[in-house]
Amino acid sequence: MPSQLPFEWIAATAHPALLLVSPHNGREYPADVLQWMNADMHTLRTLEDPQMDVLLAGARAIGAAQLLARYARCCVDLNRGADELDPKLIRMHGMMPSNTPRVRQGLGVVPRVANLGQPLYRGFLPMEEAQRRLKAYYHPFHAQLAHWAEITTATHGSAIMLDWHSCPPHLPEGYAVADIILGDAHGTACAPWLVDVVEAAFARHGLHVARNTPYAGGHITRTYGNPKVGMHALQIEVNRALYWDEVRFALNSNALTIQAIITKVIRNVASYLPNAEMGLPIAAE
């Protein structure tokens, strides 16, 4: 078990009905995970949404809550279902293997490959090790997320969760290049007005915004987003080329500009939230 919580929780100071989530932000690599790996550190780090916490740091003054992964995605992928276990990596011992598209790609809840398909392990991973990681890293993160969603919707009637990611500079073949990709699970994870507000906020800064292609929202967006009960979840993918130098593996000269834009977008969303003391429902269009 990790010696500290597997996430960083930043409590809300002004907007308890707004949560910023970054499940692939983690960059701590425990020795008891690395011992199973056959990939170098650079390959492992390609799975990160690099320094998303830095891009979200400007939003702390706004007063929203934040839930940031502490441990690296190669340990466990917090944006997958706990049952998305890859039979090509984990010995299933008679269990029914998962066959989701992500698992078939090697990107299940315990990733088998890096973003470019490089293998991460030297062989099979025992089921006991996969279950240990779920207990240590995965379940505490989702318990915190589920607790916030339940308490917030009960207290305020509705809530907004912005699920932040970064995507590779070059999108899969057949997709136009976009700066920002918004995923609302094709209209099922949040109210349309929220997508409109976020898209317009980014577009005002000259950024090209796409919706649901090629990223329509992962496990977090689809699991927690339920507008019928007032829970609005929106996945936001930031094109890594906007802020990250893939060669130096460091923030580029444009990172502070992107941080400032993201802060303004979050501030715009927060303007639609209830007053922290009044507990009023989120305003519609």
Side-chain angles (χ1 to χ4, degrees), residues 15 18-25 46-64 66-68 79 115 160-218 220-221 225 232-273 282-283 285:
H15 294 292
L18 176 60
L19 176 64
L20 313 178
V21 183
S22 181
H24 296 159
N25 174 81
T46 63
L47 283 168
E48 296 177 14
D49 287 344
Q51 300 201 33
M52 183 56 66
D53 58 324
V54 175
L55 296 188
L56 296 176
R60 295 196 180 194
I62 297 171
Q66 293 191 33
L67 179 61
L68 309 171
N79 200 30
N115 275 345
I160 292 176
M161 177 191 302
L162 300 181
D163 181 20
W164 292 88
H165 297 260
S166 66
C167 59
H170 306 292
L171 298 183
E173 186 176 354
Y175 293 100
V177 174
D179 297 315
I180 305 293
I181 303 169
L182 305 179
D184 65 350
H186 299 286
T188 63
C190 68
W193 68 262
L194 177 58
V195 191
D196 293 341
V197 165
V198 174
E199 179 175 6
F202 277 116
R204 279 196 292 273
H205 296 281
L207 298 178
H208 178 256
V209 183
R211 295 192 184 192
N212 291 311
T213 53
Y215 309 113
I220 288 174
T221 304
H232 303 272
L234 179 64
Q235 180 174 289
I236 303 175
E237 296 269 0
V238 181
N239 190 311
R240 213 166 291 153
L242 293 175
Y243 76 95
W244 189 249
D245 186 323
E246 297 279 359
V247 175
R248 295 190 303 113
F249 225 69
L251 295 169
N252 65 25
S253 60
N254 196 48
L256 288 179
T257 299
I258 297 302
Q259 183 197 65
I261 291 172
I262 286 174
T263 301
K264 291 176 182 178
V265 170
I266 295 169
R267 190 179 300 278
N268 196 335
V269 171
S271 71
Y272 285 79
L273 288 164
I282 296 172
E285 291 177 301

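Position 1 is the first residue of the sequence; numbering continues from there.
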Working to the nearest 0.5 Å, report the span between [atom1] of [X] and [atom2] of [Y].
X	Y	atom1	atom2	result
I180	E237	CD1	CD	9.5 Å
H24	E48	NE2	CD	11.0 Å
C190	D163	SG	CG	11.5 Å
F202	L182	CZ	CG	7.0 Å
M52	I262	CE	CD1	6.0 Å
I266	Q66	CD1	CD	7.0 Å

Mind listing the closest non-hydrogen atom pair of [X] and [Y] along with its distance?
X	Y	value
H186	A216	NE2-CB, 3.5 Å
A64	L18	CB-O, 3.5 Å
N239	A178	ND2-O, 3.0 Å
A201	N268	CB-ND2, 3.8 Å
A57	Q259	CB-NE2, 4.0 Å
R240	P168	NH2-N, 3.9 Å

Strictly distance-based, threshold 3.5 Å: is any side-chain N or O of [X] a donor or acceptor partner for the main-chain N or O of [Y]?
X	Y	value
Q235	H165	no
N254	L242	yes
N79	I220	yes
Y243	P50	yes
D49	N25	no

(request) With sequence neighbours excluded, tell me which residues meet salt bridge (Lys or Arg N to Asp or Glu O under 4.0 Å) with R204. (result)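 By the salt bridge (Lys or Arg N to Asp or Glu O under 4.0 Å) rule, R204 matches no residue at all.
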(message) Measuring only between side-chain heavy atoms, which start at C-beta, is I181 closer than 4.5 Å to T213?
(response)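 Of all side-chain heavy-atom pairs linking T213 with I181, none is under 4.5 Å.
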(request) Report yes if some heavy atom in the side chain of N212 is under 4.5 Å from a heavy atom in the side chain of D184; otherwise report no. (result)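 A side-chain contact under 4.5 Å exists here.
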(request) Please lay out, stage by stage, how L55 and W164 fare under the test side-chain contact (heavy atoms from CB on, under 4.5 Å). (result) CA-CA 10 Å; L55 296 188; W164 292 88; over 6 Å; no
(request) Identify, with sequence neighbours excluded, every residue that meets side chain to side chain contact (heavy atoms under 4.5 Å, CB included) alongside Q51. (result)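 Result, side chain to side chain contact (heavy atoms under 4.5 Å, CB included) vs Q51: R27, D53, V54, W244, L251.
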(message) Apply side-chain contact (heavy atoms from CB on, under 4.5 Å) to residues L234 and V269 and explain how you reach the verdict.
(response) CA-CA 11 Å; L234 179 64; V269 171; over 6 Å; no
(message) Applying side-chain hydrogen bond (donor to acceptor under 3.5 Å, both in side chains), can you list everything that pairs with S22, at least two apart in sequence or on another chain?
(response)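 In terms of side-chain hydrogen bond (donor to acceptor under 3.5 Å, both in side chains), with neighbours along the sequence ignored, S22 is linked to no residue.
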